[in-house]
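Order of the sequence lines sets the chain letters (A, B, ...), proteins ahead of strands, with each chain counted from 1.
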Number of protein chains: 2
Amino acid sequence: MTQASSSPALAQTDQRLPLHARVKDDLIRRVRANEWGSTTPLPPESALAEAYAISVGTLRRVLAELAADGILERHQGRGTYVRRATFQHSLFRFFRMQGGTGQTPGSRILERNTQNAPAHVAAALNVKEHSAVLHLHRLRLWQDTPFLIENIWLPLPQFQPIAEISLDELGSLLYPEYEKRIGLIIGSATEELSVTQATDGQAVLLNCISGDPLVKINRTARTHTGDVAEYRESHGLASSFRYQVEIN
Amino acid sequence: MTQASSSPALAQTDQRLPLHARVKDDLIRRVRANEWGSTTPLPPESALAEAYAISVGTLRRVLAELAADGILERHQGRGTYVRRATFQHSLFRFFRMQGGTGQTPGSRILERNTQNAPAHVAAALNVKEHSAVLHLHRLRLWQDTPFLIENIWLPLPQFQPIAEISLDELGSLLYPEYEKRIGLIIGSATEELSVTQATDGQAVLLNCISGDPLVKINRTARTHTGDVAEYRESHGLASSFRYQVEIN
DNA sequence: TAGGTCTAGTCCTATAAAGGTTTAATGGTT
DNA sequence: AACCATTAAACCTTTATAGGACTAGACCTA
């Protein structure tokens, strides 16, 4: 059952892999390339199967896996869509600020500049040391009270559009902005938590006393395919901190 | 394609669900009932399908889902097995103590008694307030240095065997003990992290100064089917704390 | 306008079948 | 003992087919 030649759509995939894996890889690539917005359905099963020159059964298996992986959403009778959104929520399970109404916190950009990546940032972003990166320094507020200091690094030139838009447009949520400006979708992230003490500068921003315990959150955010897209270091008041995790 | 009557094995499952869902539910029940140890393979596809009176294709779909859920492990040519172990690892990603060798920390039981569940414990364990629970008070050590205080509550009479075994046997890892003594397998857990200050008692145990920042971890552990099996409150020195999370 | 019915489009359930790959065990050969 | 070929058992891949269920929109009716 080895196919001598296969659909041109699979030309760039690893020929040693079984068909379903190759189709999956290609679909992930196309999702990542933003071929379908979150409101445009993918082609129906029948059309996709025909395009890949595989049977509907095999294609259904791939789509089911992608749905299980959280990349696609399928709705009987309506169609198959790229999945977005839920992620933003899961990232904001911390800091007991979402009491009651699901409001998003405010934010104020303190600084935006272009830097040569320091060693630890370069390592996290998986780029060469001293290569150009965009740096955002941001303060997050809850009901006008600052609770979190963020330092965000983004690789250039990929994120150049973010360097050029007005600061007002860098509203509270960055990930939708990445998607709109660059067509880049954050698919997963790793966070590392530790506890530190407030420096003088942090104490001023957070309106606390120097030496107070802070929670430090290092986040590495990736696309669906695992490429690192953003590195972020956040510091927040430990006293107002709460973080919830599911383990499987 | 509505089946008038189905395999007796599915008698206790919800008849409104599709076949594959009913078979999945039943297999989860049987895994939970410890029908197969982690070294005994499940019956082969062909035999299982025949026993449930369904086609091999449908059964394969169920087994694939269970494997994706991390409940089963399948090996071509060898068989299908209940999955264990990996979980213990994922639970111990915190506290930067596993440097190099993957040693498990030591532990010392400070106290074991039967209590009437306090309100917050009863709520977490999903039992009536003041009902009998087993309480373990444990100190965890890394190279003879205490780094974590644990308070563990288990519902009775389910966990009665744990109340009766010798304290020596409550070695460092509890979950294998649950499996061996009660046949109960922990499948998932929720943890909530926050930062507190050391009380006098905690300071003595952890060899720190009263008021030092501590990390507090509340863990609710569940079986594969979602029933709460254990509630645990841990306190550790914030200075030696590091926690890593994957978000999807 | 409001509320039904119908229908095309889409995904879902279930079965069947042919052939392939991997593993473990067996028994022979060197 | 070490190596190899064979074989049975187990899971994997792919295709094909028949029918069911759900959704959105078109159309009709009151």
Side-chain angles (χ1 to χ4, degrees), chain A residues 1-7 9-10 13-27 36 38-69 71-83, chain B residues 1-7 9-10 13-27 36 38-69 71-83:
Chain A
M1 204 138 280
T2 37
Q3 63 289 336
S5 74
S6 54
S7 152
L10 294 180
T13 58
D14 190 335
Q15 299 205 343
R16 296 165 303 180
L17 293 173
L19 266 182
H20 64 85
R22 299 175 65 191
V23 172
K24 186 174 180 180
D25 287 349
D26 192 62
L27 281 174
W36 306 284
S38 43
T39 55
T40 322
L42 271 67
E45 293 175 344
S46 50
L48 267 183
E50 193 175 357
Y52 280 113
I54 62 173
S55 75
V56 177
T58 301
L59 183 78
R60 272 187 60 73
R61 170 179 172 170
V62 173
L63 294 180
E65 281 176 22
L66 290 172
D69 292 348
I71 295 178
L72 298 180
E73 245 175 318
R74 311 201 74 197
H75 303 281
Q76 188 171 358
R78 275 203 292 137
T80 303
Y81 296 81
V82 174
R83 188 170 175 213
Chain B
M1 205 139 281
T2 38
Q3 63 289 338
S5 75
S6 52
S7 151
L10 295 179
T13 58
D14 191 333
Q15 300 206 342
R16 296 164 301 180
L17 294 174
L19 264 183
H20 65 83
R22 297 176 65 191
V23 172
K24 186 174 180 181
D25 286 349
D26 192 62
L27 280 175
W36 306 285
S38 42
T39 55
T40 323
L42 271 67
E45 295 175 343
S46 51
L48 266 184
E50 193 175 358
Y52 281 114
I54 62 174
S55 76
V56 177
T58 301
L59 183 78
R60 271 188 60 73
R61 169 177 172 171
V62 172
L63 293 180
E65 282 176 21
L66 290 172
D69 292 348
I71 295 178
L72 297 180
E73 243 174 320
R74 312 201 73 196
H75 303 281
Q76 188 171 356
R78 278 204 288 136
T80 303
Y81 296 81
V82 175
R83 188 171 174 213

* With a non-hydrogen cut-off below 4.0 angstrom, is Arg61(B) in contact with a base, only sugar-phosphate, or nothing? -> sugar-phosphate
* To do: May I ask you to say what Ser46(B) touches in the nucleic acid, namely base, sugar-phosphate or nothing, with a heavy-atom cut-off under 4.0 Å?
  => nothing
* Which residues satisfy the salt bridge (charged side-chain N to carboxylate O under 4.0 Å, His left out) test with Asp26(B), sequence neighbours excluded? -> Arg29(B)
* Per Arg74(B) side chain, nearest of listed nucleotides dT15(D), dC12(C), dC12(D) -> dC12(D)
* Side chains of Val82(A) and Leu42(A): closer than 4.5 Å at any heavy-atom pair? -> yes
* **Value rounded to 0.5 Å, distance of OH in Tyr52(A) from CG in Leu27(A)** => 3.5 Å
* Asked: Which residue lies toward the 5' end of DNA chain D, His75(A) or Ala21(A), if each is placed at its nearest nucleotide?
  -> Ala21(A)
* Structure fact -> Those residues at least two apart in sequence (or on a different chain) that pass side-chain contact (heavy atoms from CB on, under 4.5 Å) with Pro44(B) are Ser46(B), Ala47(B)
List the atom pairs, with distances to 0.1 Å, where a side-chain N or O of residues 58-68 of chain A and a protein N or O form a donor-acceptor pair under 3.5 Å, not counting sequence neighbours.
{"unit_1": "Thr58(A)", "atom_1": "OG1", "unit_2": "Ser55(A)", "atom_2": "OG", "d": "3.2"}
{"unit_1": "Arg60(A)", "atom_1": "NH1", "unit_2": "Glu45(A)", "atom_2": "OE2", "d": "2.6"}
{"unit_1": "Arg61(A)", "atom_1": "NE", "unit_2": "Glu65(A)", "atom_2": "OE2", "d": "3.3"}
{"unit_1": "Arg61(A)", "atom_1": "NH2", "unit_2": "His20(A)", "atom_2": "NE2", "d": "3.3"}
{"unit_1": "Glu65(A)", "atom_1": "OE1", "unit_2": "Lys24(A)", "atom_2": "NZ", "d": "3.1"}

* Hey, could you give me each pair passing salt bridge (charged side-chain N to carboxylate O under 4.0 Å, His left out) that has a residue in residues 48-57 of chain B? Not counting sequence neighbours. => none
* Can you check whether Thr58(A) has a side-chain N or O nearer than 4.0 Å to OP1 or OP2 of dT13(D)? -> no
N/O contacts under 3.5 Å, protein versus nucleotides 5-9 of chain C?
{"unit_1": "dG9(C)", "atom_1": "N2", "unit_2": "Gly77(A)", "atom_2": "O", "d": "3.3"}

